[in-house]
Amino acid sequence: MPIQQLPSHLINQIAAGEVVERPASVVKELVENSLDAGAQAVQIDIVAGGQKLIRIRDDGKGINKAELELALSRHATSKISSLDDLEAVASLGFRGEALPSIASVARLTLCSRSLDAGSAWQVEADSGNISSPAPAAHPQGTTVEVHDLFYNTPARRRFLRTERTEFGHIEKWIRRLALSRPEIAFTLTHNQRTLLQLTAAKNEDAQRQRVARICGDAFAEQCVYIEREVEGIALAGWIALPTFNRSQPDLQYWFVNGRSISDKTLAHAVRHAYRDVLFHGRYPAYVLNLTMDPKGVDANAHPAKHEVRFRDGRRVHGVVSQAVEVALKDTRPGGHDVTPIPMTRNTVFNQGTMPLPHGPSRSAVRETLATYRSMATAPSLADVPEQATEVPPLGFAVAQLAGVYILAENRDGLVVVDMHAAHERITYEKLKQSYDDRALVRQPLLVPEAISVAENEADLVEHSGAALEQLGLVVDRSGPTTLTVREVPALLRNADAESLLRDVLADLSESGQSNRVDDASDDFLATMACHHSVRANRLLTLDEMNALLREMEVTERADQCNHGRPTWTTITMSELDRLFLRGR
């Protein structure tokens, strides 16, 4: 066929292939328009999973009569007017494609009343035909009704799932949007049943209640609020304590300048901050908002705006990772006003299954025990006046159980401590501190190791020599596709240099930075800590047990061992009373 201009309606339907994937896509686009319009309350009514009706009503600033028809025209928007605006987008929508794309695959009614208008006006669109504005009854704000989605594109309609599945996707997006804007009220109905009603959350307590409604009470009870700003990058939100973790990354919400997105750089930054406080194979949970200059974020990087691109991803990664890591340092007894989740029958951590290599220095363990003995003699909770407040978070030791657990008593009840896991964390943190206090030492290889790589990887080494040296790696390009490793960090002199370099290059290629050396160093230090920790079946005196408890209370991340296992739990007096039916 000869080259020809496509009809406008077909252009809109092609665009709808990117914008309107399913009913949830329509809801997302329309609710984001409401948020951009300054709405304080948004009502979402769904019928038949969105296939029959989607109605979005808001109390925003509304649309003037003269602009109603234009709002349904392709690439018509009030949010940008120049390339400078596009490079610093602060609104959720900006392309002007959503309404005409939706109108091309459904019957759409748009009714709105602006603040200064005497009455509301309404237009209808069907198969690309737009009616003239007609007067209507409507309060200030806008209502968009979408009937019979994909009625004129039966092939697209056949790809839709069941009513329940499609509504599940809608509900998921509403929950995301409600987390991104806690100050706005949301109401969601399905088939005339109200399923979600969220009032505006104006303070931290109300926001925690909204987080509890959407993410669950368990998350809200086991999360801490963080707020940090560095060099114009602000991070705020809720991160779950390591004791609350998931088998998959299904409770991870990221918002950048109010936009719900998924981003590998941000996800990696948080994962790195949790690297040695989570049990293997588990995932952290969080709701985090990143706010920064819109000029530093490309919001036009994805057709459906699900992803963004940072102009300085390395700096963003560093700020996020450091902020979360600082917050996690206080995961120690008394560090956060949160009680660790009590163990259940399904939560079994058998110390015998954890690999404990033989060969630790006996003198190191003896020196540690000698330090414990030199500390203050063990007090008793009975010696502390009832009105006193100086009872430490872990209380005072009363016994040792099976050579594995320390039993202690505090103001709340019974504290149970896994002595090996606790001592392992204490030793690990001390080793890390001593390692961080020293300058990075490189170890020249006796025989430099030649590695065959792809040409683009060799080019990357030439451009990243300084970054590699900061990691303790000295690598030369000795051929078009050959690299030679000459020096490695002294701490990793026995590591596999080839595997380490390939992993570092993969990270540099993807995100411009790598934490592989730090992670490998931490793994080595964790092994040393495990070797030099008090083992099971080691009998401790009350003095030694109390000294261990006091060290836990001043050690960062002491709520978990290096492998992410909990180091202690508590059983309150009320829980003990229920076990023994006291008071009944």
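As the structure is a prediction and not an experimental result, all values here were calculated from the model.
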Donor-acceptor pairs under 3.5 angstrom involving side-chain atoms of residues 33-45: please list them, not counting sequence neighbours.
{"residue": "Asn33", "atom": "OD1", "partner": "Lys79", "partner atom": "NZ", "Å": "3.1"}
{"residue": "Ser34", "atom": "OG", "partner": "Leu30", "partner atom": "O", "Å": "3.3"}
{"residue": "Ser34", "atom": "OG", "partner": "Asp58", "partner atom": "OD2", "Å": "2.7"}
{"residue": "Asp36", "atom": "OD1", "partner": "Leu92", "partner atom": "N", "Å": "3.0"}
{"residue": "Asp36", "atom": "OD2", "partner": "Lys79", "partner atom": "NZ", "Å": "3.0"}
{"residue": "Asp36", "atom": "OD2", "partner": "Leu92", "partner atom": "N", "Å": "3.2"}
{"residue": "Asp36", "atom": "OD2", "partner": "Gly93", "partner atom": "N", "Å": "2.9"}
{"residue": "Gln43", "atom": "NE2", "partner": "Asp45", "partner atom": "OD1", "Å": "2.8"}
{"residue": "Asp45", "atom": "OD1", "partner": "Thr189", "partner atom": "OG1", "Å": "2.7"}
{"residue": "Asp45", "atom": "OD2", "partner": "Arg55", "partner atom": "NH1", "Å": "3.2"}

Can you give each donor-acceptor pair under 3.5 Å made by side-chain atoms of residues 135-142, sequence neighbours left out, with the distance rounded to 0.1 Å?
{"residue": "His138", "atom": "NE2", "partner": "Thr143", "partner atom": "OG1", "Å": "2.6"}
{"residue": "Gln140", "atom": "NE2", "partner": "Gly60", "partner atom": "O", "Å": "3.3"}
{"residue": "Thr142", "atom": "OG1", "partner": "Ser112", "partner atom": "OG", "Å": "2.8"}

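Contact annotation: the side chain of Phe255 never approaches that of Ile261 to less than 4.5 Å [non-hydrogen atoms, C-beta and beyond]. Residues Ile214 and Leu198 have side chains in contact (heavy-atom distance under 4.5 Å, counting atoms from C-beta outward). In this structure the side chain of Ser509 never reaches within 4.5 angstrom of the side chain of Glu457, judged on heavy atoms. Taking 4.5 Å as the limit, some side-chain heavy atom of Phe186 sits within range of a side-chain heavy atom of Arg210.
Looking only at distances, a side-chain donor or acceptor of Ser464 sits under 3.5 Å from a matching main-chain atom of Leu460.
Relative to the ring axis of Phe167, Lys172 does not place its NZ or CZ within 45° and under 6.0 Å from the centre. A cation-pi contact links Arg107 to Tyr151, judged by a cut-off of 6.0 Å to the six-membered ring centre and 45° from its axis.
For Trp173 and His306, the distance between ring centers is under 6.0 angstrom.
Enclosure of atom CZ in Arg161 is not indicated, since only 12 or fewer non-hydrogen atoms of other residues, nucleotides or ligands lie within 6.0 angstrom.
When only modelled atom types and interatomic distance are considered, Gln51 and Asp148 share no side-chain donor-acceptor pair under 3.5 Å. In this structure, a donor-acceptor pair under 3.5 Å is absent between the side chains of Arg309 and Asn300. Checking Arg176 against Ser260 by side-chain atom types alone, a donor-acceptor pair falls below 3.5 Å. Judged by distance alone, the side chains of Glu145 and His147 do bring a donor and an acceptor atom under 3.5 Å apart.
Leu72 contributes atom CG, which lies 8.0 Å from atom CG of Leu68 (distance to the nearest 0.5 angstrom).
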